[in-house]
Undergrad: 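Starting off with a structure, shown below.
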Number of protein chains: 2
Amino acid sequence: MAESATRRVSEAPRTAVGRDGVLDIAARLFREQGYGTVSLRKIAEAAGIKAGSIYYHFGSKDEIVVAVLDVGIQVVHDNMQQAVSALPKDTGAETILRAAIGAHLRALLDLSDYTSANVRIFGQVPQSVRDANLPTRRAYEAEWDTLLSRLQERGALKPDVDIRRLRLMLIGALNATLDWFDPDRGSAEALSRTYADVFLNGILERQDS
Amino acid sequence: MAESATRRVSEAPRTAVGRDGVLDIAARLFREQGYGTVSLRKIAEAAGIKAGSIYYHFGSKDEIVVAVLDVGIQVVHDNMQQAVSALPKDTGAETILRAAIGAHLRALLDLSDYTSANVRIFGQVPQSVRDANLPTRRAYEAEWDTLLSRLQERGALKPDVDIRRLRLMLIGALNATLDWFDPDRGSAEALSRTYADVFLNGILERQDS
DNA sequence: CCGAGCGCCTAACAACTGTTAGTTAGGCGA
DNA sequence: TCGCCTAACTAACAGTTGTTAGGCGCTCGG
């Protein structure tokens, strides 16, 4: 009894956690621990409520996961779209690509638990959940395809590269950073530059003979 | 009883499944479904035995997973090492890198359920299992670092790229193909060429003015 | 000041998890 | 033929999972 009294006073603010609170916690836990090992009871405990209470806000665990996945894509999509459209009309291809790459990487590594959770758990989640997230995902992919196609038509990109494949390679490579990126070892900003350097110009020392 | 008799005759060869049989099945299931959703009972059923029987060959589920992870790295390590060392001594940097990239991708996409399982589930597995797999992993990483360093010292690679980071980028990008590669849409061989093209020379159309 | 309802809690369920103990059928060497 | 070893099997355990039903307190509009 002393416990519950203490808990009331010391740690629990009287404000409700709410749907968004649960979602934030879930996104963070999914990002940190993956899908399978994060149970509703873990989410509830981290949110300071009990497992059953989650069902006041969500109809099922899958509903939570789908929500997290969708928000994750929306954040990175908005971020990338806005970064590119903020550039002057006559911006060169290289600058545009650097902006898009930077925006994606920033959302993934700095900005959003939702985006990193999406990348982390998408491959672990039941088929039905993946399907529910697909439309949102496709929209972001289309954004990239449009961007890359425009640059290729302009003659800025090599003409023989398949756009779909290029997009898969690029986003795949960027997303893979989530497995090893350590903010203590270097900023996302610097990493973004390195990725752009490599993808734009390659790693071979050019023998301009 | 009819059941068990039928089963005996029709599907179960009288030869024992054995430790290797269980391991093969486990690798395939882990590759296909991830770590969390594959239970010992699923592995047992796919192998045609009962869950408890697995404990004759392995001391725990983690022991199975560690074995799968280790074999996965060893396969890709051997494959890459052999592909590179098979080349003549005076082979150019570009050819060497293409061979290494091709070997890694082939092990991942064509050759081995163990290697693909490793890439797929490493991030989902308990910390202790990851730790057990680390030595094997580090040896493969060192192999790449040695290769890349030698090429850089030779002057074949741009001198300002950090080797560790380059290796992380490269392997990360290659491993990411596992999420979307579809053998019906193109061979691993062709994909390997595209990856080498992009990493070696970049995607920008060169204006050699 | 009172009722409505929002946001949470308690308790339990059935299913599933990894794991253990004890048992058994069959083949091989002595 | 005897006895051992291999590779299974059966049955149960304790814990965890997602999920449901019903109840309780606090806040706010009338």
Side-chain angles (χ1 to χ4, degrees), chain A residues 1 3-9 11-26 29-30 33-68 121 124-129 132, chain B residues 1 3-9 11-26 29-30 33-68 121 124-129 132:
Chain A
M1 27 171 163
E3 287 182 63
S4 78
T6 306
R7 175 167 300 183
R8 273 276 178 69
V9 173
E11 46 167 306
R14 59 188 64 246
T15 68
V17 180
R19 193 189 138 103
D20 290 351
V22 172
L23 219 52
D24 282 352
I25 299 281
L29 292 184
F30 283 141
Q33 311 182 26
Y35 170 77
T37 43
V38 174
S39 64
L40 289 181
R41 282 171 178 82
K42 276 191 192 170
I43 297 174
E45 192 190 13
I49 64 177
K50 295 304 166 70
S53 309
I54 291 184
Y55 283 81
Y56 178 77
H57 300 292
F58 299 94
S60 68
K61 186 187 183 184
D62 285 357
E63 209 176 297
I64 301 179
V65 182
V66 169
V68 169
I121 72 177
Q124 312 178 20
V125 118
Q127 187 67 41
S128 60
V129 172
Chain B
M1 25 170 163
E3 286 181 63
S4 78
T6 305
R7 176 168 300 182
R8 274 277 179 67
V9 173
E11 46 167 308
R14 58 189 63 246
T15 69
V17 180
R19 194 190 137 102
D20 290 351
V22 172
L23 218 52
D24 282 352
I25 298 280
L29 292 184
F30 284 142
Q33 310 182 29
Y35 170 77
T37 43
V38 173
S39 64
L40 289 181
R41 282 169 178 83
K42 276 190 193 171
I43 296 174
E45 193 190 14
I49 62 176
K50 295 304 164 70
S53 310
I54 291 184
Y55 283 81
Y56 178 77
H57 301 291
F58 301 94
S60 68
K61 184 187 183 184
D62 285 358
E63 210 176 295
I64 301 179
V65 181
V66 169
V68 168
I121 72 176
Q124 313 178 19
V125 119
Q127 187 68 41
S128 60
V129 173

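First the proteins, then the strands, lettered A, B, ... as listed; each starts at 1.
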Undergrad: Assess whether side-chain contact (heavy atoms from CB on, under 4.5 Å) is satisfied between B/Ile121 and B/Val38, documenting all intermediate values.
TA: CA-CA 11 Å; B/Ile121 72 176; B/Val38 173; over 6 Å; no
Undergrad: Using whole Å, report how far CD1 of B/Ile54 lies from P of C/dT20.
TA: 13 Å
Undergrad: Please assess A/Leu23 against A/His57 for the test side-chain contact (heavy atoms from CB on, under 4.5 Å), listing each intermediate value before the final yes or no.
TA: CA-CA 10 Å; A/Leu23 219 52; A/His57 300 292; over 6 Å; no
Undergrad: Spell out protein contact along nucleotides 11-16 of chain C as letters: B when the base is contacted, S when just the sugar-phosphate is, - when no protein heavy atom is under 4.0 Å; keep the 5' to 3' order.
TA: -B----
Undergrad: Assess whether atom CD of B/Gln33 is packed by more than 12 heavy atoms of other residues, nucleotides or ligands within 6.0 Å.
TA: yes
Undergrad: Can you tell me the distance, in whole Å, between the CD1 atom of A/Ile49 and the P atom of D/dG25?
TA: 19 Å
Undergrad: Between D/dC9, C/dT19, D/dG18, which nucleotide gets closest to the side-chain atoms of A/Tyr55?
TA: D/dG18
Undergrad: Write down the distance between CG (B/Leu40) and P (C/dT17), rounded to a whole number of angstrom.
TA: 9 Å
Undergrad: Applying side-chain contact (heavy atoms from CB on, under 4.5 Å), run through B/Gln124 and B/Phe30 and close with a yes or a no.
TA: CA-CA 11 Å; B/Gln124 313 178 19; B/Phe30 284 142; over 6 Å; no
Undergrad: In whole angstroms, how far is the C1' atom of D/dA21 from the NZ atom of A/Lys50?
TA: 17 Å
Undergrad: Nearest whole angstrom, please: distance from the C1' of D/dT19 to the NZ of A/Lys42.
TA: 19 Å
Undergrad: Where along residues 56-66 of chain A does a heavy atom come under 4.0 Å from DNA chain D, residue by residue in number order?
TA: A/Ser60, A/Lys61
Undergrad: Roughly how many Å is it from OH in B/Tyr35 to C1' in C/dT17, rounded to a whole number?
TA: 11 Å
Undergrad: Can you figure out which of D/dA8, D/dT10, C/dC9 approaches the side chain of B/Val17 most closely?
TA: D/dA8
Undergrad: Would you indicate whether the side-chain heavy atoms of A/Thr37 and A/Lys42 approach each other to under 4.5 Å?
TA: yes
Undergrad: For A/Val17 and A/Ile25, run side-chain contact (heavy atoms from CB on, under 4.5 Å): C-alpha distance rounded to whole Å, both residues' side-chain angles, the deciding distance at 0.1 Å, then the answer.
TA: CA-CA 10 Å; A/Val17 180; A/Ile25 299 281; 5.7 Å; no
